[in-house]
Amino acid sequence: MIGIIGALDIELNHLFEHMVISHTELIADKTFYIGHIKDQEVVVVKSDIGKVNATITATILSLKYKVKLMINTGVAGGVHPANVGDIILAEGLAYFDASTSAIDDNPHGKLGEDPIIVETDPFYFNQAKNVFERLGYQYLIGNIVTGDKFVTKLRSIEKISKRVNNILACEMEGMAIAMTAFKFNIPFISLRGISDVIEDPTQTTSFLKVSKEVARKTSLFVFEFLEVFNASN
């Protein structure tokens with residue numbers, strides 16, 4: 001079974017339109033939709049916004065459903081050279097708002113013994129690249145950073161940019177999902193469609209206007225990826 005996580009309804013609606021749902025389960029305040037997409041058994045769930053919600057959701061997928069792969073899909077704010085409509089395939093994820101440097105020697109973004117960056121699974125990462133090529137999507141490969149804030153100023157990610165290079169997107173759930181998958185030894189991939197660009201004067205209006213269409217593009221990727229996954233397993 002594959003677990004698919006999005007934070008917002010718009011990030012999952014297109015998946016539900018093509019999903020055969022066998023049943024649902026309510027755990028905590030999360031509804032888990034169990035069924036099939038492209039003949040692949042999946043569980044699809046809206047985590048809601050933020051790192052706590054994402055961690056709870058990913059932990060349930062790990063323990064209750066014992067998924068063999070997690071896919072995090074949705075929209076994000078872009079960092080130059082990413083533009084609205086681009087899809088970012090994450091090489092790795094990190095926190096932009098985590099720091100204990102006032103009391104220890106850990107660099108910004110690193111908490112305790114945890115890694116500062118969690119890399120996506122290399123096998124599925126390469127499969128994802130092949131899917132993007134097949135779709136003909138404009139996509140970029142880079143790192144994505146996560147924090148509990150809708151970022152409108154580059155200064156919010158300035159400190160983590162000194163530790164993590166090639167940051168192309170900023171969102172609110174990905175690293176929490178990545179860290180949970182890492183701790184449970186479950187492979188994951190993360191992709192985000194750019195709905196707005198940080199510090200663009202039209203950033204907030206761009207998000208409101210194009211996020212649904214950008215989310216549709218990421219959903220189309222998931223459909224194709226599941227087909228490739230079936231063929232390779």
Do any N or O atoms from the side chain of [X] and from the backbone of [Y] form a donor-acceptor pair under 3.5 angstrom?
X: T120; Y: E91; result: yes
X: S161; Y: I157; result: yes
X: S190; Y: G174; result: no

Which atom names give the shortest non-hydrogen contact between [X] and [Y], and what distance separates them?
X: V75; Y: S211; answer: CG1-O, 3.7 Å
X: P115; Y: M175; answer: O-CE, 4.1 Å
X: G109; Y: I160; answer: CA-CD1, 3.9 Å
X: T55; Y: A176; answer: OG1-CB, 3.4 Å
X: L111; Y: S99; answer: CD2-N, 4.2 Å
X: C170; Y: F96; answer: SG-CE2, 3.4 Å

All side-chain contact (heavy atoms from CB on, under 4.5 Å) counterparts of [X], not counting sequence neighbours:
X: Q40; value: I2, V42, K68, L226, F229, N230
X: D121; value: F123, Y124, P187
X: M172; value: I49

Verify same cluster id: [X], [Y] (apolar side-chain graph, 4.5 Å):
X: I167; Y: M179; value: no
X: F16; Y: V222; value: yes
X: F188; Y: V164; value: no
X: L63; Y: M70; value: yes
X: I10; Y: V44; value: no

Check whether any side-chain heavy atom of [X] sits under 4.5 Å from a side-chain heavy atom of [Y], and report yes or no.
X: S47; Y: I56; value: no
X: F221; Y: T73; value: no
X: L69; Y: M1; value: no
X: Y33; Y: T31; value: yes
X: F32; Y: L26; value: no
X: L191; Y: N72; value: no
X: N53; Y: E173; value: no
X: F125; Y: L89; value: yes

Which atom pairs, donor and acceptor, lie under 3.5 Å between side-chain atoms of residues 133-144 and protein residues at least two apart or in another chain?
| unit_1 | atom_1 | unit_2 | atom_2 | d |
| --- | --- | --- | --- | --- |
| E133 | OE2 | Y139 | OH | 3.0 |
| R134 | NH1 | E224 | OE1 | 3.3 |
| Y137 | OH | K217 | O | 3.2 |
| N143 | OD1 | G92 | N | 3.1 |
| N143 | ND2 | N165 | O | 2.8 |

Return a table of donor-acceptor pairs under 3.5 angstrom between the side chains of residues 77-88 and protein atoms on other chains or two or more places apart.
| unit_1 | atom_1 | unit_2 | atom_2 | d |
| --- | --- | --- | --- | --- |
| D86 | OD2 | N83 | N | 2.9 |

request  = Consider only side-chain N and O atoms of E41 and Y65, and report whether a donor and an acceptor are under 3.5 Å apart.
outcome  = no
T152 and Q203: side chain donor to acceptor below 3.5 Å = no
ask   = Near F223 CZ, under 6.0 Å, is it more than 12 heavy atoms from other residues, nucleotides or ligands?
value = yes
ask   = Should we say atom CG of N126 is surrounded by more than 12 heavy atoms from elsewhere, each under 6.0 Å from it?
value = yes
From [X] atom [atom1] to [Y] atom [atom2], the distance as rounded to the nearest 0.5 Å:
X: I60; Y: I27; atom1: CD1; atom2: CD1; result: 5.0 Å
X: T202; Y: D200; atom1: OG1; atom2: CG; result: 3.5 Å
X: I71; Y: I189; atom1: CD1; atom2: CD1; result: 4.5 Å
X: S156; Y: K153; atom1: OG; atom2: NZ; result: 9.5 Å
X: R192; Y: T218; atom1: CZ; atom2: OG1; result: 9.0 Å
X: L15; Y: S219; atom1: CG; atom2: OG; result: 4.0 Å

query = Would I4 and V43 count as a side chain to side chain contact (heavy atoms under 4.5 Å, CB included) if you check the C-alpha gap in whole Å, the side-chain angles of each, and the deciding distance to 0.1 Å?
reply = CA-CA 6 Å; I4 303 171; V43 52; over 6 Å; no
task = For the pair K30 and D48, evaluate salt bridge (Lys or Arg N to Asp or Glu O under 4.0 Å) and give the outcome as yes or no after the intermediate values.
result = CA-CA 8 Å; K30 317 299 180 192; D48 217 330; 5.4 Å; no
task = Give the C-alpha distance, both sets of side-chain angles, the deciding distance and a yes or no for side chain to side chain contact (heavy atoms under 4.5 Å, CB included) between H18 and K38.
result = CA-CA 8 Å; H18 298 274; K38 293 276 190 177; over 6 Å; no
query = Hey, would you say the F207 and F150 ring centroids sit under 6.0 Å apart?
reply = yes
query = Does NZ or CZ of K51 fall inside the cone over Y95's six-membered ring, less than 6.0 Å from its centre and within 45° of the axis?
reply = yes
key: Basic-acidic side-chain contact under 4.0 Å: D9, K46   = yes
key: Basic-acidic side-chain contact under 4.0 Å: E213, R216   = yes
ask   = Listed by chain and number, what are the side-chain hydrogen bond (donor to acceptor under 3.5 Å, both in side chains) partners of K110, not counting sequence neighbours?
value = none
